[in-house]
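A, B, ... follow the sequence lines: proteins, then strands. Residue 1 opens every chain. Worth knowing before you read on, the calculation uses all heavy atoms, side chains too, and leaves out hydrogens, waters and symmetry mates.
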Amino acid sequence: MKKYILLLLTIFFISCVTIYDLREVYFTKPLPNGVKSLHRVLTDNDKSKELRALYYKEKAQRMLTCLLLRNQFYAAFFYSDSISIVNNLAKKIENAYENNDDDFLKTCEEISSLKEGKIFLDAQKKRIK
Amino acid sequence: MKALFLCLIFFTVSCFKTPTIEKSGYRPFLSSQPLNEQALRDIKKNSPKDAPFVNLLQAFALMRQRDLNNSDTKKEIVNLLNDAVVSFEDLKGPENFNVAFFVDEEKPYKGLPYERMFASLMLSVFLMSEGKYSQALPHLKNAEFLDARFQKLPFGTDAPLVYMLMLKCLNKLGAEQSQIARAKEGIFNSIRFMQLHDPLINLLTDINKSDIRNESVSLHFAYLLMEISLYNALLTLPNETSVPKIIDHAAKQVDLFQSVFKNNFNDEYQEKFLPLIKNQILINQIKENQKEIFSHNFLFKSSKEALLIADKMKQAYLTVPKHNLSVTKAYNKALKLSKKAIDMAYADKMFLHFEGFGPKLVRLGQYNEISQIKPSSSAKKGLSIRSKNIKTPLSCGFHKHAKGDFSLILCDSSSTPKVEQEKSIQALEMLSLSQKALMINGRSFEKILKGRAQFKAATEDAAIISLYSAFIFFDIGNSIITDCNRRGLSENCYAPAYVMYGLGLSTIAISGALWIAYGMITPQADSRYVHLMYESVYVGIAE
């Protein structure tokens, strides 16, 4: 029994460590095609403030957060071999991103409320500060 | 000895392929001088495939050097241009690109697309100078067709000059109103395209940047298709169409251009879109047999996305001052310039000014396998129409200017008296040859030639490796013989050395064969282009 619990804890520990590594991948590793760097996203945001306010109105800031979250999961997908939860969330948010703005925002809110989503958002907040 | 002899041949074949323009018979053209009659005849006789090339060079050299009011010179120029244009009838383009063992310069010269258009145009100009409007008109229609056909986006020419001259001819010939209206529409559409191109594409680019989902594959497609569709809308919609309606029309027509996209933007598709689609396939774990359908879905969704893009464009145009100002200003300028252009076409004394040297063709790559067009140093940046004051005599006919430039005052000879004075005329640049050249897609040639260059590089390396191997075999053989002699052994000891020499010789033979292949594979792109063409054509009214 003790051995069984220890094994579970080890797996849990390894998976926690790996998710915490993966949340940083977007900010630290070379990026795959299909995602712009944090610097580029923030620069584009600065240049497009007027148009973003026009199109997204009060949701503009939230959309930016969601975009970065999508980028994090997208990049993490290409560096995660076995973390299926990350792969599944990457697939979910990516399909919503491909679909339309409303679907993207809705899916982003869902993922943000999950534990994994919160872990990724924490990393995002630290980097943007 | 045999190996040495073979090497000499291979060296000769592979190294001494002189570009056509640098051959001795062509030298006068390098200083813009025409050839004498005999020299011209000799070139055409010895190298019939270069006849259109040398005809064009000769025609433009005559324009730059001779008195163009001389009827013999004009006749000669017309004949040369006519011969060249007629040879362009076969518009299939170069054949047998897949045959690796022919130099491109060995093929009959067909002219670069913008050269064909300009040759037709100049032929019509010289015919019009003689009052032969009925003969000039078909060549102007040919110029329009040639330009539209070889544009990256085949919707009609964006050269107002073609339509202006067409309008002049149609007016002189008393043509039907429908034809005259079509020419006027052509003037407006081409000017509208040139004026509105930059502001609308800047608007589209800004919207793209502001779009949160701009890395989405279907949205990517939508933006590119929207750009193509906008070009179509600018070149084809009636002249009263407002900017929001142009944008709406472009969005609704996006589906039509999916095939244009695949045919003409394959490089962009391979470079930009394919990696994104591959990533989507990985993320969604798409099975092999479903990959193609999955990939096509992105293109199908793009028409929906285009409608959303159109809404954003209209919103930004109507509410964002920066975009509203630039688009409105450009639109009003297009209206103003079109009216001026039509007035110029109807003027009793239409002023045409030809200046500068056109774009250059340079060859790049390890084996000169890539042709690249470089704009003229005097070419304009962007698509807007330049204005210039040009001092010229006001009498009808041709007038020479510095550096081989010339003007033509096209007169309505029945009513115009001879005027012996000079005046500064405000003229508009209605044709830029560099802009024409760069808008045309010739990149399919590059791709084919690159394949040959890769084969050549591989063959060259293999030949060199074989040669080194041969030296090693000979070296080993020599060592064996030296050792045998040192130990005082009989000739039986030499046997392994002879085996080594045999291997060395056969390796040289392999290397030699590879050098033959290397020498015969000539991936150099065609270097021929008519460097004497004019860069800019300005048009005004000589009052």
Pick one of side chain, backbone, both or neither for [X], based on which atoms fall under 4.5 Å of a heavy atom in chain B.
X: A/Asn71; value: neither
X: A/Val41; value: neither
X: A/Phe77; value: side chain
X: A/Glu98; value: both
X: A/Asp101; value: both

Taking side chain as everything from C-beta outward and backbone as N, CA, C, O, which of these in [X] sits under 4.5 Å from a heavy atom of chain A? Side chain, backbone, both or neither.
X: B/Ile207; result: both
X: B/Asp311; result: neither
X: B/Lys304; result: neither
X: B/Ile212; result: both

Could you grab the distance from atom [atom1] of [X] to atom [atom2] of [Y], nearest 0.5 Å is fine?
X: B/Tyr223; Y: B/Asn208; atom1: OH; atom2: CG; value: 5.0 Å
X: A/Cys66; Y: A/Glu109; atom1: SG; atom2: CD; value: 5.5 Å
X: B/Lys209; Y: B/Leu204; atom1: NZ; atom2: CG; value: 11.5 Å
X: B/Ile283; Y: A/Phe78; atom1: CD1; atom2: CZ; value: 4.5 Å
X: B/Ser190; Y: B/Leu234; atom1: OG; atom2: CG; value: 11.0 Å

Plane angle bin for B/Phe294 and B/Phe298 - parallel if under 30°, tilted between 30 and 60°, otherwise perpendicular:
perpendicular
So B/Tyr231 and B/Phe193, would you call those rings parallel, tilted or perpendicular, with 30° and 60° as cut-offs?
perpendicular
For the pair A/Gln72 (side chain) and A/Phe120 (backbone), establish whether a donor and an acceptor sit closer than 3.5 Å, ignoring hydrogens and angles.
yes
Among A/Val35, A/Leu54, A/Asp44, single out the residue with the greatest number of heavy-atom pairs under 4.5 Å to chain B.
A/Leu54
Considering only heavy atoms and a distance below 4.5 Å, find which of A/Tyr74, A/Tyr56, A/Tyr97, A/Phe104 pairs most often with chain B.
A/Tyr97
Residue, of B/Asn214, B/Asp211, B/Asn284, B/Leu282, that accumulates the most heavy atom pairs under 4.5 Å with chain A
B/Asn284
Residue, of B/Ala316, B/Ser218, B/Ser210, B/Pro275, that accumulates the most heavy atom pairs under 4.5 Å with chain A:
B/Ser210
Could you tell me if B/Lys312 sits above the aromatic ring of A/Tyr55, with its cationic atom closer than 6.0 Å to the ring centre and no more than 45 degrees from the axis?
yes
